[in-house]
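Below: the structure, in structure tokens.
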Amino acid sequence: MPTPRLLAPAKLNLFLHILGRRPDGYHDLQTLFQLLDFGDWLQFDVSEEPTLSLHVDPASSIRDIPLEGNLILQAATRLQAICPEPRGVAITIEKHIPMGGGLGGGSADAGITLRALNKLWELNLPANELMSIGRELGADVPLFVFGQSAWAEGIGEQLEPVSLPPAWYLVLTPACEVATAAVFSHEHLTRNSSAIKMADFLA
């Protein structure tokens with residue numbers, strides 16, 4: 001089987017309403033996810049030896065990628081644990097999505113890893129099961145398993161496909177990183193936005 005090289009697309013939140021904090025620490029929200037044609041590229045070289053490894057492609061614009069707690073390896077580990085006969089993979093990432101910029105880079109990489117290894121390891125898990133595994137890794141991961149722009153509710157995992165007209169976006173990435181958890185735990189975060197209807201927003 002040819003070694004696949006897949007795009008893990010960046011995403012934009014075209015709007016984001018926080019409706020309230022949940023008992024589990026997450027927040028109920030509404031947002032419109034727009035997937036971009038810009039992102040990271042991942043290559044998967046499957047092996048029969050049950051070893052998982054991650055390598056950075058020299059063409060990456062971002063080279064300093066932490067391995068501890070990396071969502072790509074976490075995603076691969078979750079799927080490997082349910083393989084009838086555990087197999088391995090060497091994953092090479094050409095990283096371009098800035099980290100800590102709210103563009104979903106880590107989630108995109110994890111989501112594409114779940115989709116790729118589900119096929120390459122011949123697990124044939126249905127999309128909803130992959131999305132459930134993705135949700136355990138992060139609230140945005142199900143979007144990238146879903147694989148298209150979507151209206152989202154819940155913690156971001158309740159997805160409704162949306163066809164948006166072609167558009168250009170100017171994405172500015174200042175030289176700083178902001179952790180998503182830090183944003184959502186901030187005391188001044190607005191958490192009482194009113195819910196809106198998808199049809200009203202799109203109109």
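Given the structure is predicted, the values throughout are model-derived calculations rather than measurements.
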Donor-acceptor check, side chain of Asn118 to backbone of Leu114, threshold 3.5 angstrom: yes or no?
no

Would you confirm whether Arg135, through its side chain, and Glu157, through its main-chain N or O, come within 3.5 Å as a donor-acceptor pair?
no

Gln80 side chain near Leu52 side chain, heavy-atom distance below 4.5 Å
yes

Once rounded to the nearest 0.5 Å, what's the spacing between atom CD of Gln34 and atom CD of Gln148?
11.0 Å

I'd like to know if Leu71 and Leu54 are part of one continuous hydrophobic network [Ile/Leu/Val/Met/Phe/Trp/Tyr, side-chain heavy atoms within less than 4.5 Å].
yes

Please answer whether the main-chain N or O of Gly102 pairs with a side-chain N or O of Lys11 as donor and acceptor at a distance below 3.5 Å.
yes

Connected via hydrophobic side-chain network under 4.5 Å: Met99 and Phe38
no

Side chains of Leu42 and Ile72: closer than 4.5 Å at any heavy-atom pair?
yes

When you compare the side chain of Leu120 with that of Pro4, does any pair of heavy atoms fall below 4.5 Å?
yes

Single-linkage hydrophobic cluster, 4.5 Å side-chain cutoff, Phe144 and Leu125 together
yes

Test side-chain contact (heavy atoms from CB on, under 4.5 Å) on Asp45 and Val89 and set out the steps.
CA-CA 5 Å; Asp45 294 290; Val89 66; 5.5 Å; no

Kindly check if the number of other-residue, nucleotide or ligand heavy atoms within 6.0 Å of CG (Asp64) is above 12?
no

Inter-residue atom distance Asp28.CG - Ile155.CD1, 0.5 Å rounding:
8.5 Å

Verify, without hydrogens or angle tests, whether Gln30 (side chain) and Ile196 (backbone) share a donor-acceptor contact under 3.5 angstrom.
yes

Indicate yes or no for a side-chain donor-acceptor contact from Asp40 to the backbone of Ile97 under 3.5 Å, with no hydrogens or angles considered.
yes

Under 6.0 Å between the ring centres of Trp121 and Phe44?
no

For Pro9 and Ala108, which heavy atoms make the closest approach, and how far apart are they?
O-CB, 3.3 Å

NZ/NE/NH1/NH2 to OD/OE distance under 4.0 Å, Asp109 and Lys95:
yes

If only side-chain N and O atoms count, and only distance matters, is there a donor-acceptor pair under 3.5 Å linking His55 with Thr92?
no

Using a 3.5 Å distance criterion without hydrogens, assess whether the side chain of Arg115 forms a donor-acceptor pair with backbone atoms of Ala110.
no

Between Glu49 and Arg87, does any NZ, NE, NH1 or NH2 come within less than 4.0 Å of an OD or OE carboxylate oxygen?
no

With a 3.5 Å cut-off and no angle check, do the side chains of Glu153 and Trp151 form a donor-acceptor pair?
yes

Does a side-chain heavy-atom distance below 4.5 Å link Asn13 with Phe33?
yes

Is Ile62 reachable from Leu73 through a run of hydrophobic residues whose side-chain heavy atoms are each under 4.5 Å from the next?
no

Is Ser60 reaching over with its side chain to a backbone N or O of Ile93, donor-acceptor style, under 3.5 angstrom?
yes

How many angstroms lie between OG1 in Thr31 and CG in Leu14, if you round to the nearest 0.5 Å?
7.0 Å

Gap separating the CD1 atom of Ile112 from the CG atom of Leu6, nearest 0.5 angstrom
6.5 Å

Nearest 0.5 Å, what's the CD-SG distance between Glu122 and Cys83?
10.0 Å

Measuring from Leu103:CG to Leu12:CG, what's the distance to the nearest 0.5 Å?
6.5 Å

Taking every heavy atom of Ala127 against every heavy atom of Val145, the minimum-distance pair comes out as O-CG1, 4.1 Å

Would you call Leu29 and Leu16 a side-chain contact if the rule is heavy atoms closer than 4.5 Å?
yes

